[in-house]
Asker: 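A single structure is presented below for examination.
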Amino acid sequence: MLTIALSKGRLAEQAIELLENAGYDCTAAKDKSRKLILEDEKVGLRFIMAKPSDVPTYVEYGAADLGVVGKDTLLEEGRQLYEVADLGFGRCRMCVAGPVELMNGKLDLIPNKRIASKYPNITRAYFEGVKKESVEIIKLHGSIELAPLIGLADCIVDIVESGRTLKENGLDVIETVADISARVVVNRVSMKMKADEIRPMIDRIKEQVAKL
Ligand code: PRP
């Protein structure tokens, strides 16, 4: 039996579709009830429906053998696990964004910046690790774009998908931090102990991704 942690929502739906195309019967996972554990003993699969940011935790501790989660969450959580496949969907960018006046190098001129983000670890790693700049990070939980508009922060670090939220609020991308997409992660012990089940699954998933 393999336990797979899915990120509740769109990523879970796309992951289930991909697994079905890879030849795995995921009827159990398509249950529209509010059950959080969906299991099919005959098929040998158990799905747990988790909050996206918790998926790496379930996988690191071995509560799930595998997980499907966005690269943004993996970067932010920094868990000990194997990242084995890029699924190619859930594509977006992690960006530094702010008022258009701060584009073209102007942001760099602001000392001791305040940066709002749902991703404080990614923000710190980028500004302090990559740009060697010390910054004040303000953690928010949503509608991050509000922060520079209302004077809470100079800029933000957030996910940009279509760019519409930024545009409609007079903001723009200043720098790209990372390309994001859905990834398959595997528990380090499961990778060895359940290699007979996990390795063929990874191969079949990769074959499907190559067809997309
Ligand atoms: C995400 C992200 C941006 C928006 C980007 O927010 O934080 O606000 O989507 O998408 P776009 O480039 O296509 O406009 P989400 O919808 O997850 O809500 P949140 O503000 O509560 O984080």
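Because the structure is a prediction, the values reported are computed rather than measured. Sequential numbering from 1 along the given sequence is applied to the chain's residues. Order of appearance sets the numbers: ligands from 1, and atoms from 1 within every ligand.
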Asker: With atoms numbered from 1 as shown, which atoms in ligand 1 lie under 4.0 angstrom from a non-hydrogen atom of V160?
Answerer: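 Under 4.0 Å from V160, ligand 1 has these atoms: 12 (O).
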Asker: Among all the protein's non-hydrogen atoms, which is closest to atom 5 (C) of ligand 1, and how far away is it?
Answerer: I159 O, 3.5 Å
Asker: Would you mind running through ligand 1 and noting each atom that sits below 4.0 Å from a heavy atom of E145?
Answerer: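 In order of numbering, the contacting atoms are 3 (C), 8 (O).
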Asker: Give a yes/no on ligand 1: does K118 have at least one heavy atom closer than 4.0 angstrom to it?
Answerer: yes
Asker: Nearest protein heavy-atom contact for atom 20 (O) of ligand 1: which residue, which atom, what distance?
Answerer: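 It is S143 N, 2.8 Å.
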Asker: Suppose the criterion is salt bridge (Lys or Arg N to Asp or Glu O under 4.0 Å): which pairs have a residue in residues 3-23, not counting sequence neighbours?
Answerer: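 Passing the test, one end in residues 3-23: E20-K30.
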Asker: Tell me the protein heavy atom at minimum distance from atom 4 (C) of ligand 1, and give that distance in Å.
Answerer: T165 OG1, 3.7 Å
Asker: Treating K194 as the side-chain partner and M1 as the backbone partner, does any N or O pair qualify as donor plus acceptor under 3.5 Å?
Answerer: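 Yes; judged by distance alone, with no hydrogens or angles, the pair exists.
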Asker: Quick one: nearest non-hydrogen protein atom to atom 21 (O) of ligand 1, plus distance?
Answerer: G142 CA, 3.6 Å
Asker: Are any of the N/O atoms on S162, whether in the backbone or the side chain, positioned under 3.5 angstrom from an N/O atom of ligand 1?
Answerer: yes
Asker: What's the shortest distance from atom 2 (C) of ligand 1 to any protein heavy atom, and which residue and atom give it?
Answerer: D158 OD2, 3.4 Å
Asker: Considering only protein heavy atoms, determine whether one is less than 4.0 Å from atom 16 (O) of ligand 1.
Answerer: no
Asker: What do you reckon, is CD1 of I37 surrounded by more than 12 foreign heavy atoms closer than 6.0 Å?
Answerer: no
Asker: Under 4.0 Å from a heavy atom of G163: give me the atoms of ligand 1 that qualify, with their elements.
Answerer: 11 (P), 12 (O), 13 (O)
Asker: Donor-acceptor pair, E60 side chain versus L81 backbone, under 3.5 Å?
Answerer: no
Asker: Please check if the side chain of N121 supplies one atom and the backbone of E76 the other of a donor-acceptor pair under 3.5 Å.
Answerer: yes
Asker: With a 6.0 Å cut-off (strictly less than), is the heavy-atom count around NZ of K131, excluding the residue itself, greater than 12?
Answerer: yes
Asker: Do NZ/NE/NH1/NH2 and the carboxylate oxygens of D86 and R183 come within less than 4.0 Å?
Answerer: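 Yes, D86 and R183 are salt-bridged.
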Asker: Carefully, step by step, assess K51 and T73 under the rule side-chain contact (heavy atoms from CB on, under 4.5 Å).
Answerer: CA-CA 11 Å; K51 191 176 156 88; T73 306; over 6 Å; no
